[in-house]
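Taking it in order: structure first as structure tokens, then the write-up.
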2 protein chains.
Amino acid sequence: MKLSTRGRYGLRAMFDLAMNESQGPIPLNEIADRQNISESYLEQLFAILRREGLVNSVRGAHGGYLLGASPNEIYIGQILRTLEGDIAPADCVRNEDVAGCMDADACVTRIIWEKIRDSINQVIDSITLEDMVNQQRLINSKKGSNSSKDDWVIRCNN
Amino acid sequence: MKLSTRGRYGLRAMFDLAMNESQGPIPLNEIADRQNISESYLEQLFAILRREGLVNSVRGAHGGYLLGASPNEIYIGQILRTLEGDIAPADCVRNEDVAGCMDADACVTRIIWEKIRDSINQVIDSITLEDMVNQQRLINSKKGSNSSKDDWVIRCNN
DNA sequence: TTAAAGTATAGTAAATTAGTCGGGATTCGG
DNA sequence: CCGAATCCCGACTAATTTACTATACTTTAA
């Protein structure tokens, strides 16, 4: 019942972009360094995110990636779903593989999976990247003067 | 982000026991047949459930398994957690492997994982086996006279 | 005594995950 | 125009996890 690294790394990388929005295009190696994620793996993830319009790319020297919309328009649900597919505890409650669960209406466990799915979606579809950025800045300001530029960097791989 | 078969099969098997509570000990091969789950795999799951006290076993001929408590005392959260460990989208928000996420308080993604975890737990810790049984009987009664004894059997593997 | 059950542990095949690798195609700065 | 910095693409692979299977018990009712 864990998210895969796709979703977890992807969210961190998008959050990284949001924190650096004003800096122009951010090259992947910067994100990879800051977040301690393999650059070539990130390339895969960003290819997916780009197809979905969640990021824009700028090719060539001094290129990099930009958010595809303002941080307050990007919900983390979009990010996670793009990278992981529908978030659900069982296949029979994913839109994708509507997986012929015959008699679905009469299936009590299905009702449980639906409730779990819906409660997850309610969380991830109510938080934007902007929310995350604001929360991070609040945390940093509370830490006071000894906060460095990279205080917001997420070090662990979760 | 799917539950494994351990949790999914386990819940169905426990629900099966709850539906048949009055029948005395239920042997695993009955559950395996009804639920279309490998019997030897179920054995493994029931070994875990037994250690946790969620079921009691009766050995020997005419033996089988009984619920370890009344259906209204068994929350599906207990079942899922016993078989899957803490339900959480990332390791850093599991009680089990408190996995040294240094600076955890300052980690914004962690806050998201916590919210997801909590919303899932709220669902699974508010539903009992009795709730499931009641809901199933309600569904069956609505279907009217043409309902057979095994109308509640879950056929799909989700 | 025998057959129907549970108990325990090890092994294994399949699937998924989490990457790596190699070679392009673009673009900027000099 | 050249070369370095970048994104782009697809195939490949290693590691892990999952989902069982197999084997060899022990216990108990009839």
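Here is the naming used below: chain letters follow the sequence lines, and residue numbers restart at 1 for every chain.
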Parallel, tilted or perpendicular: rings of B:Tyr9 and B:Tyr41 (30°, 60°) | perpendicular

5' precedence on DNA chain C between A:Arg6 and A:Ser38 (nearest-nucleotide basis) = A:Arg6

A:Ala61 side chain: which of C:dC28, C:dT20, C:dG6 is closest?
-> C:dC28

Contact under 4.0 Å: A:Ser4 side-chain N or O vs C:dT16 OP1/OP2 = no

Taking OH from B:Tyr41 and P from C:dT7, how many angstroms apart are they, rounded to a whole number?
-> 18 Å

Report the distance from atom CZ of A:Arg8 to atom C1' of C:dG19, rounded to the nearest whole Å.
-> 13 Å

Please state how far atom CE in B:Met1 lies from atom C1' in C:dT17, giving the value in whole angstrom units.
-> 16 Å

Could you check how far CD of A:Glu43 sits from C1' of C:dG24, rounded to whole Å?
-> 12 Å

Using a cut-off of less than 4.0 Å, is there contact between a side-chain N or O of B:Ser57 and OP1 or OP2 of C:dA5?
-> no

Using a 4.0 Å heavy-atom cut-off across all strands, classify B:Ser40 as base, sugar-phosphate, or nothing.
-> base

For chain B, the stretch of DNA chain D it reaches, first to last nucleotide, under 4.0 Å of its heavy atoms = D:dT18 to D:dA30

May I ask you to check whether A:Gln135 and A:Asp131 show a side-chain donor-acceptor distance below 3.5 Å?
-> no

Selection from C:dG29, C:dG19, C:dT26 that lies nearest to any side-chain heavy atom of A:Tyr9 = C:dG19

Expressed in angstrom and rounded to an integer, what is the separation of B:Glu30 atom CD from C:dG6 atom C1'?
-> 15 Å

With sugar-phosphate meaning primed atoms plus P, OP1 and OP2, does A:Leu42 contact a base, only sugar-phosphate, or nothing at under 4.0 Å between heavy atoms?
-> nothing

Ignoring backbone atoms, establish whether B:Asn29 has a side-chain N or O less than 4.0 Å from OP1 or OP2 of C:dA5.
-> yes

Give a yes-or-no answer on whether the side chains of A:Gln136 and A:Asn140 include a donor-acceptor pair shorter than 3.5 Å.
-> yes

Do other residues, nucleotides or ligands put more than 12 heavy atoms under 6.0 Å from the CD atom of A:Glu39?
-> yes

Under 4.0 Å: is that the gap between some side-chain N or O of B:Tyr65 and OP1 or OP2 of C:dA5?
-> no

Pairs where residues 67-87 of chain A contributes a residue and the test ring-ring contact (aromatic ring centres under 6.0 Å, His included) is met, not counting sequence neighbours = none

Tell me which residues in residues 49-56 of chain B put a heavy atom below 4.0 Å from DNA chain C, sorted by number, or none.
-> B:Arg50

Measure from CG on B:Asp33 to C1' on C:dA4 and round the result to the nearest Å.
-> 15 Å

